[in-house]
Amino acid sequence: MKLIIGISGATGAIFGIRLLEVLNQVEDVETHLVLSKWAVTTIVEETEYSVDEVKSIADYSYSPSDLGAAISSGSFNIDGMIVAPCSMKSLASISLGLADNLITRAADVILKERKQLLLMTRETPLNAIHLEHMLKLSQMGVSIFPPMPAFYNHPLDLNEMIDHIVFRLLSQFNIHQLPEDKIWTGFKKRNLKRAIT
């Protein structure tokens, strides 16, 4: 499987980084990374990683201004694309088909080739413009995937929350990494009685 991973300048760069780390451990997955101009700033501000370290996790890395890159063409064999996190600017650009940088151009190609596109949208609260773009893209088959934390799995720290979200994201691509003990299997007996009463 070949996947394009875009990391935009929205807060939450760690999601894209952790995604790359997990995919790096999965057999037969090739990653093509594009960091936006502002993602470079966000990575430095929010994480302990250097930009070079993040690029080294991916199999291939491209400049956001390289609109002649292999992934900018529908003739390049690719299976899907994930933008994590996806800023509202990137969301709008993809929705409008602006293709103004390599992330949005690659997403445009994914759409026209009818491949799988997932956007981890990062903003709160959402205004009507954000929601209109999300609805439009969702109706075109795009997965809109805000990073919502789960609590039924009893996360012990922020890293466990991030991992759970990343694993749930990957399941959209039939890559199943979620540990068995973190999968929801229904109410436990001790909780079921409480829920009924």
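For reference, positions follow the sequence shown, starting with 1. Just so it is clear, the values below take in all heavy atoms, side chains as well, and ignore hydrogens, waters and symmetry mates.
- Across all their heavy atoms, Gly9 and Ser36 have their closest contact at N-OG, 3.3 Å.
- Panel note: side chain Gln116, backbone Gln172; a donor-acceptor pair is recorded below 3.5 Å.
- No side-chain heavy atom of Trp184 sits under 4.5 Å from any side-chain heavy atom of Asn153.
- Residue Leu33 comes nearest to Val54 through the heavy atom pair CD2-O, 3.9 Å, listed as atom of the first residue, atom of the second, then distance.
- Between Asp79 and Lys115 no salt bridge is recorded (no basic side-chain N to carboxylate O distance below 4.0 Å).
- Between Ala99 and Leu67, the closest heavy-atom pair is O-CD1, 4.2 Å.
- Looking only at side-chain heavy atoms (C-beta outward), His176 and Asn174 come within less than 4.5 Å of each other.
- Judged as a side-chain contact (heavy atoms from CB on, under 4.5 Å), and not counting sequence neighbours, the contacts of Asn101 are Ile103, Thr104.
- Contact check for Ile5 versus Leu19: side-chain heavy atoms found under the 4.5 Å cut-off.
- The shortest distance between side-chain heavy atoms of Leu3 and Glu30 does not fall below 4.5 Å.
- Proximity of a side-chain donor or acceptor of His130 to a complementary backbone N or O of Asn127 within less than 3.5 Å is detected.
- Checked by atom type and distance alone, the side chain of Glu53 pairs as donor or acceptor with a backbone atom of Ser50 at under 3.5 Å.
- Not one N or O on the side chain of Ser143 forms a donor-acceptor pair closer than 3.5 Å with the backbone of Phe145.
- Shortest non-hydrogen contact noted between Glu160 and Pro155 is OE1-CA, 3.4 Å.
- In this structure a side-chain-to-backbone donor-acceptor pair under 3.5 Å is present from Thr31 to Asp59.
- Within the 4.5 Å cutoff, side-chain heavy atoms of Val142 are placed close to those of Ile144.
- Contact of the Ile162 side chain with the Ile165 side chain is not registered, since no non-hydrogen atoms from C-beta on lie closer than 4.5 Å.
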| said: Pair Phe151, His164 - check ring pair (Phe, Tyr, Trp, His ring centres under 6.0 Å), show working. | reply: CA-CA 10 Å; Phe151 297 95; His164 191 270; 9.8 Å; no
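- Counting heavy atoms from C-beta on, the side chains of Leu118 and Val83 never come closer than 4.5 Å.
- Minimum heavy-atom separation, Asp100 to Ser93: OD2-OG, 3.6 Å.
- In terms of modelled atom types and a separation under 3.5 Å, the side chain of Ser171 and the main chain of Arg168 share a donor-acceptor contact.
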| task | Give the C-alpha distance, both sets of side-chain angles, the deciding distance and a yes or no for side chain to side chain contact (heavy atoms under 4.5 Å, CB included) between Ile110 and Ile78. | result | CA-CA 8 Å; Ile110 292 291; Ile78 206 83; 3.6 Å; yes
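- Screening Pro85, Ser90, Ser87 against Arg122 for a side-chain contact (heavy atoms from CB on, under 4.5 Å) leaves a single residue, Pro85.
- With a 4.5 Å cut-off on side-chain heavy atoms, Leu91 and Leu119 count as touching.
- Heavy-atom minimum distance, Gln177 versus Phe167: CB-CD2, 3.6 Å.
- For His32, the ring pair (Phe, Tyr, Trp, His ring centres under 6.0 Å) test picks out Tyr60, Tyr62, Phe76, with sequence neighbours left out.
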| said: Before you tell me yes or no, could you show the steps for Val26 and Leu170 under side chain to side chain contact (heavy atoms under 4.5 Å, CB included), namely the whole-Å CA-CA distance, both residues' side-chain angles and the distance that decides it to 0.1 Å? | reply: CA-CA 11 Å; Val26 178; Leu170 287 173; 5.6 Å; no
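- Checking side-chain atoms of Thr42 against main-chain N and O of Trp38 turns up a donor-acceptor pair under 3.5 Å.
- Applying the 6.0 Å contact sphere to CD1 of Ile129 captures no more than 12 heavy atoms from other residues, nucleotides or ligands.
- Side-chain atoms of Glu46 and Thr11 include a donor-acceptor pair closer than 3.5 Å.
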